[in-house]
Amino acid sequence: MLDDMLDHLQGIRARPVWQPIPDAVRASFREPLPREGSGLDQVHEAFMDSILPFAVGNAHPGFMGWVHGGGTPVGMLAEMLAAGLNANLGGRDHIPVEVEWQVLRWVIELFGFPEDASGLFLTGSSMANLSGVLVARTRALGSGVRSTGMAKASRRLTAYTSTRAHGCIAQGMDLAGLGKDNLRAIPVDEMGRMDMACLAAAIAVDRAAGFQPFLVVGTAGTVDTGAIDDLAEIACIARREQLHFHVDGAFGALAMLCPQLAPRLRGIEQADSIAFDFHKWLQVPYDAGFFVVRDRQLHLRTFATHEGTYLSRGERGMAAGSPWPCDFGPDLSRGFRALKTWFTIKVYGTERLGGMIAHTCTLAQGLARRIESEPELELLAPVSLNIVCFRFIGADANGAIEQVNRDLVVALQESGLCAPSSTVLDGRFAIRVALFNHRSAQQDIDVLLNATLALGRSLSAMSPVPVPEASGLPQ
Ligand SMILES: *Cc1c(COP(=O)(O)O)cnc(C)c1O
């Protein structure tokens with residue numbers, strides 16, 4: 001099995017990024033509950049035939065679609081060790097928990113947080129952003145809200161983020177019982193960053209209306225263009241207005257590993273909490289989200305429960321080592337996500353990891369320049385980090401640009417050559433190339449550009465050109 005996976009990774013460029021799933025393969029996963037076991041070799045064969053070839057392809061260097069990491073053999077091997085150990089990191093006194101605290105201390109060092117800051121692994125930034133909303137709620141209302149719920153709150157809590165923020169911020173407001181309608185979407189400037197004057201104005205309007213502003217969420221690396229909010233300015237407004245300052249740094253926060261990029265995140269060290277993922281730019285295998293909080297007591301007051309005698313703590317023995325990870329988040333049973341992260345950071349070191357992050361940004365800048373020099377392509381947003389948004393505007397696409405580009409994204413994905421995704425920027429449909437895979441190289445960018453031009457031309461030749469009204473000419 002190990003050989004198969006190493007071979008798979010080694011020869012991955014020769015395979016399609018993604019391919020449509022044949023009906024027979026899909027049907028093979030509709031079988032009834034097996035009463036009798038099968039041989040391990042048989043099940044392994046089913047994996048090789050029906051699972052491996054039909055994954056989304058984010059390990060492939062041509063995968064440029066969503067914000068997905070590519071994984072590494074080091075992470076894969078660490079996962080094997082973790083699975084063999086089968087540790088439960090909810091709590092108790094064992095070294096796997098110390099490995100998680102080691103990663104926490106590295107995170108604290110990276111972001112310049114206080115030594116006693118707290119944090120833990122979660123599935124991903126969706127959960128970490130929800131946690132940020134919950135910590136902010138405790139700060140605004142005290143931990144009593146955990147017993148009484150929001151019905152006892154005298155005023156409506158309002159939160160602020162930009163129109164380009166990830167959807168999980170609104171979902172966090174929803175799941176925390178605060179309501180999506182109480183999240184204000186602040187407009188962005190031409191660089192895609194939250195407009196600071198609009199933020200201050202929105203807070204003032206809400207205060208005048210008798211609401212209680214409690215949270216501002218800045219984004220370090222927006223999901224559609226990679227824009228970084230002015231975190232230092234948000235920190236300043238948050239301090240003045242006494243709001244909790246949370247940063248969604250899902251992928252962008254780890255740009256801190258790269259000396260050229262770290263200054264762009266200035267202000268992140270003043271955040272009250274940060275959500276980010278090791279499974280994106282750092283290439284740790286799924287899943288490995290992280291949540292770090294400046295004020296450890298506030299974090300504990302948000303999540304710790306001291307109910308259940310079966311979870312009682314001790315000074316000695318296996319029940320020592322309190323507080324446990326389960327006191328800082330919603331999960332009791334927790335896997336050993338820390339191990340694959342610890343392996344990745346120790347084996348590669350931050351210089352090499354930071355260099356890999358910088359390389360994806362260099363590829364993106366090169367792609368942007370090629371797009372700008374190519375008359376049939378149009379760049380649709382400034383390239384801040386490693387995400388490039390553009391569209392095909394070849395002469396024949398006139399009048400059907402959006403449809404041609406929609407079809408183009410699907411055609412590129414179905415070609416198996418490369419896999420961009422799409423977004424909509426200011427009402428314009430964009431092909432979105434997100435370069436997160438450490439395996440992606442210049443040759444993959446060339447494949448993308450050549451395939452985009454070739455498919456764009458043939459698609460726009462096929463698309464009907466709308467007939468100009470009252471042209472008076474025979475068609
Ligand atoms: C990926 C992403 C998220 C969601 O994180 P998950 O790990 O997928 O839960 C949130 N915000 C941004 C900016 C992201 O890129």
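When a ligand or atom number is given, it counts from 1 through the structure's own listing order. What you see is a predicted model, and the numbers here were worked out from it, not measured in a lab.
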message: Check whether Arg294 reaches the backbone of Glu269 with its side chain - one donor and one acceptor, N or O, closer than 3.5 Å.
response: yes

query: Do you know the tightest heavy-atom contact between Val247 and Ala271?
result: CG2-CB, 3.7 Å

Over 12 non-hydrogen atoms of neighbours within 6.0 angstrom of CZ in Arg207: yes

Side chain to side chain donor-acceptor pair (under 3.5 Å) partners for Thr123, two or more places apart: none

- request: Quick one: which residue pairs count as a ring-ring contact (aromatic ring centres under 6.0 Å, His included) with a foot in residues 246-272, not counting sequence neighbours?
  value: Phe251-Trp281, Phe251-Phe436

For atom 10 (C) of ligand 1, closest protein heavy-atom neighbour: His166 CG, 3.3 Å

- request: May I ask you to say whether Arg164 pairs ionically with Asp224, meaning some side-chain N is under 4.0 Å from a carboxylate O?
  value: yes

task: Could you establish whether Cys168 and ligand 1 come within less than 4.0 Å of each other, counting only heavy atoms on the residue side?
output: yes

message: For Asp331, is there an ion pair with Arg334 - N to carboxylate O distance below 4.0 angstrom?
response: no

message: For atom 12 (C) of ligand 1, what is the closest protein heavy atom, and at what distance to 0.1 Å?
response: Ala250 CB, 3.2 Å

- prompt: What protein heavy atom sits nearest atom 6 (P) of ligand 1, and how far off is it?
  reply: Ser125 N, 3.5 Å

Sub-3.5 Å N/O-N/O distance, Asn129 and ligand 1: no

task: Return the residue, atom name and 0.1 Å-rounded distance of the protein heavy atom closest to atom 1 (C) of ligand 1.
output: Lys280 NZ, 1.5 Å

- prompt: Does the N or O separation between Thr222 and ligand 1 drop below 3.5 Å for any pair?
  reply: no

task: Enumerate the atoms of ligand 1 whose separation from the nearest heavy atom of His279 is less than 4.0 angstrom.
output: 7 (O)

field: Pair Arg105 + Glu109, salt bridge at N-O below 4.0 Å
entry: no

statement: Short version for Met127: what comes under 4.0 Å of ligand 1, heavy atoms counted, is neither

query: What atoms of ligand 1 come within less than 4.0 Å of a heavy atom belonging to Asp277?
result: 5 (O), 6 (P), 7 (O)

field: Any N/O pair Asp248/ligand 1 closer than 3.5 Å
entry: yes

- prompt: Which residue and non-hydrogen atom of the protein lie closest to atom 9 (O) of ligand 1, and at what distance in Å?
  reply: Ser126 OG, 2.6 Å

